[in-house]
Amino acid sequence: MKVLVVGSGAREHALVWKCVQSELVERVYCAPGNGGTGGMARNIPIGAADVVRLVQFAKHEKLGLIVLGPEAAVDAGVGDALRDAGFPVFGPSRAAGRIESSKSFAKSVMERAGIPTAAFEVFTQPAPAKKWTRERDGRVAVKADGLARGKGVIVCGSVEESDAAIDAMLVEQRFGRSGATIVVEERLDGPELSVLAVTDGADVIALAPARDYKRAHEGDEGANTGGMGAYSPPAGVDDALIKEVVDCVMRPAVRQMQADGHEFRGVLYAGLMLTKDGIRTLEFNARFGDPEAQVVLPRLQSDFVALALAAARGEIASHPDLRWNPQACVGVVVASGNYPDDAAMKLGQRIRGLVEMPPGVLVFHAGTRYEPGVGLVTDGGRVVTSVALGDTVAQARETALAGARQVRFEGAFFRSDIAGEAV
Ligand code: AMP
Ligand code: GLY
């Protein structure tokens with residue numbers, strides 16, 4: 001069958017890489033793809049949110065499966081249009097995707113399904129929001145309701161900070177319409193954990209857990225990014241904890257969505273905090289995480305296309321248990337100078353070193369493109385993820401870092417402390 005992966009990040013490169021290995025697949029396309037996906041699949045110059053042309057392409061190629069990568073595709077209704085046209089889609093409808101695209105919607109699902117989360121309130125006016133945060137001495141997280149590319153959360157430690165965060169969203173409208181409604185919640189403490197599960201709307205299968213590193217710089221300093229690295233399995237996470245997350249977070253969320261008439265098919269991603277009072281859910285995403293996908297998919301030994309088809313068709317209950325490589329996997333993102341400050345990044349830099357990768361390094365491309373006559377150049381904030389498997393986290397980390405060091409372009413930087421806690 002022919003498979004289309006929608007998107008252009010390193011997550012989509014990892015998905016393409018995994019789909020190509022499936023015995024069910026004769027050809028893989030990626031729309032629009034990047035400089036890396038073009039090497040192992042056919043890139044199609046259609047944007048990830050271009051609903052009309054994606055449906056035309058699916059009909060023309062008689063696609064057997066479409067995998068949605070980014071939230072922009074979900075939110076544009078790509079899944080709805082393709083499903084209406086009769087295609088199996090691994091990815092939720094726009095309505096189900098609101099679990100990511102509206103934090104207040106996600107909170108209402110959590111509240112009704114009894115999912116443990118931080119105490120919260122939804123505001124559109126600054127004065128009542130500030131009153132609520134004063135009662136908590138400003139120890140809150142202020143969140144833009146809508147999509148903000150992972151950057152719409154401001155964690156505050158004082159009333160000055162929370163006032164400024166509320167004003168930035170509700171008064172200065174720094175997040176545009178996404179921040180016209182805000183969710184303010186109590187600030188929690190503890191290590192974070194991402195759990196991803198495949199669901200067909202009724203049943204769930206948990207994927208291997210991962211931990212990602214959201215801050216731009218070493219030691220968790222600097223701005224929040226889409227993610228600077230990840231590793232799997234994370235230290236201190238055992239099967240019992242995953243089972244608790246599936247039973248108390250994943251399955252209740254999926255069942256609540258189904259009861260509400262917004263059946264969710266695809267990957268449901270829970271961002272969790274392990275507080276001293278137990279698990280708390282910070283957010284849901286309606287798709288694979290990036291860079292989590294880059295460290296989870298290499299550990300998956302089962303056929304991903306068979307799994308995605310089962311989810312798309314509502315057949316997860318009869319899908320065999322997933323097989324996992326017991327090795328650890330570490331992914332280190334190499335980013336453009338000044339990332340995540342889009343305005344200050346200098347793109348179009350010639351990338352060198354990718355052909356001399358140490359053995360065992362998988363390079364998943366994100367912001368790369370082929371410039372005719374020049375070669376591979378940078379085309380985004382996160383440029384590549386250097387990924388490696390290893391018998392121990394330490395080995396995987398050493399190889400992934402060696403790969404990251406090989407990637408050379410003006411302004412390149414990466415975090416050398418990814419997975420450091422586990423070694
Ligand atoms: P979110 O997009 O909701 O996952 O938030 C992004 C990041 O902000 C999370 O990964 C946490 O590091 C942090 N964060 C979100 N909510 C809270 C909270 N209630 N308390 C402390 N930190 C939070
Ligand atoms: N790594 C976080 C995300 O994909 O949202």
Side-chain angles (χ1 to χ4, degrees), residues 7 9-12 14-15 68-72 74 97 99-107 110 116-121 132-133 136 138-157 161-162 165 175 178-179 182-196 207 209-216 220-232 234 249 267-277 279-297 331-333 335 340 364 366 381-382 385 415 418:
R11 162 182 56 209
E12 287 75 23
L15 285 164
L68 304 187
E71 60 274 27
V74 173
I99 198 144
E100 171 167 8
S101 64
S102 168
K103 293 206 187 272
S104 55
F105 176 81
K107 281 292 207 177
M110 291 186 229
T117 186
F120 75 104
E121 205 61 62
W132 196 86
T133 57
R136 285 157 184 83
R139 287 187 48 82
V140 295
V142 179
K143 305 187 173 189
D145 186 55
L147 293 177
R149 295 165 65 216
K151 297 161 197 168
V153 174
I154 304 175
V155 180
C156 307
E161 282 175 21
S162 58
F175 293 85
S178 285
I182 60 173
V183 171
V184 184
E185 59 182 41
E186 65 176 323
R187 178 172 169 176
L188 303 172
D189 273 313
E192 289 185 46
L193 172 69
S194 313
V195 176
L196 288 73
L207 298 174
R211 178 163 294 143
D212 83 335
Y213 290 71
K214 289 203 172 74
R215 300 297 195 104
D220 285 327
E221 301 282 339
N224 259 325
T225 70
M228 290 297 293
Y231 79 106
S232 171
V249 179
V267 172
L268 184 64
Y269 164 138
L272 306 157
M273 199 170 258
L274 308 177
T275 74
K276 61 175 177 16
D277 302 320
I279 294 171
R280 296 287 180 273
T281 307
L282 299 180
E283 65 162 348
F284 284 111
N285 292 322
R287 49 168 177 86
F288 270 107
D290 183 339
E292 288 90 333
Q294 294 94 296
V295 297
V296 170
L297 290 170
V332 177
V333 171
F364 293 124
R382 292 188 288 179
T385 313
R415 277 183 63 166
I418 305 300

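The first residue in the sequence is number 1, and the count goes up from there. Computed from a prediction, not measured in an experiment: that's the story for all the values here. All ligand and atom numbering here is 1-based and tracks the order in the structure.
In summary, the atoms of ligand 1 found under 4.0 Å from a heavy atom of Glu185, numbered by their order in the structure, are 16 (N), 17 (C), 18 (C), 19 (N). Every atom of ligand 1 with a heavy atom of Lys103 under 4.0 Å away is listed here by number and element: 1 (P), 2 (O), 3 (O). Residue Gly289 approaches ligand 2 through these ligand atoms, each under 4.0 Å from one of its heavy atoms: 4 (O). Annotation for ligand 1: atoms under 4.0 Å from non-hydrogen atoms of Lys214 are 10 (O). Close approach of ligand 2 to Arg287 (heavy-atom distance below 4.0 Å) involves ligand atoms 3 (C), 4 (O), 5 (O). Near Asp212, with a cut-off below 4.0 Å to any heavy atom, the atoms of ligand 2 are 1 (N), 2 (C). In summary, the atoms of ligand 1 found under 4.0 Å from a heavy atom of Arg187, numbered by their order in the structure, are 20 (N), 21 (C). Near Val155, meaning under 4.0 Å from one of its heavy atoms, ligand 1 places the atoms 8 (O), 13 (C), 14 (N), 22 (N), 23 (C).
Looking only at protein heavy atoms, the nearest one to atom 10 (O) of ligand 1 is Glu192 OE1, 2.6 Å.
Heavy atoms of Arg280 stay at 4.0 angstrom or farther from ligand 1. Put simply, part of Pro291 is less than 4.0 Å from ligand 2, judged by heavy atoms. Taking a 4.0 Å cut-off on heavy atoms, Ala141 registers as neighbouring ligand 1.
Below 3.5 Å of separation, one finds no N or O of Glu283 facing any N or O of ligand 2. Close N/O approach between Asn224 and ligand 1 is not found [any backbone or side-chain N/O within under 3.5 Å]. In terms of polar-atom proximity, defined here as any N/O pair under 3.5 Å, Leu188 does make such a contact with ligand 1.
Side-chain atoms of Thr281 do not come within 3.5 Å of backbone N or O of Glu283 as any donor-acceptor pair. Between the side chain of Arg211 and the backbone N or O of Glu192, at least one donor-acceptor pair lies under 3.5 Å. Side-chain N or O atoms of Arg382 include none that pairs as donor or acceptor with a backbone N or O of Ala10 at under 3.5 Å. For the pair Ser178 (side chain) and Leu147 (backbone), a donor-acceptor distance under 3.5 Å is present. A donor-acceptor pair is defined here as one N or O able to donate and one able to accept, closer than 3.5 Å; no such pair exists between the side chain of Ser194 and the backbone of Gly271.
Of all the listed residues (Glu186, Glu100, Lys143, Glu283), Lys143 holds the heavy atom that lies closest to atom 15 (C) of ligand 1.
The two residues Arg280 and Leu188 come nearest to each other via the heavy atoms CB-CD1, 3.6 Å.
With a 4.0 Å heavy-atom cut-off, ligand 2 is reached by no atom of Arg11.
Under 4.0 Å is where a charged nitrogen must lie from a carboxylate oxygen, and between Lys107 and Glu185 at least one such pair does. Ion pairing between a basic and an acidic side chain is recognised when a charged N comes within 4.0 Å of a carboxylate O; Arg136 and Glu186 show no such pairing.
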message = Applying salt bridge (charged side-chain N to carboxylate O under 4.0 Å, His left out) to Asp220 and Arg415, what does each step give before you reach the verdict?
response = CA-CA 9 Å; Asp220 285 327; Arg415 277 183 63 166; 3.2 Å; yes
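Between Met110 and Phe284, the closest side-chain pair of non-hydrogen atoms falls below 4.5 Å.
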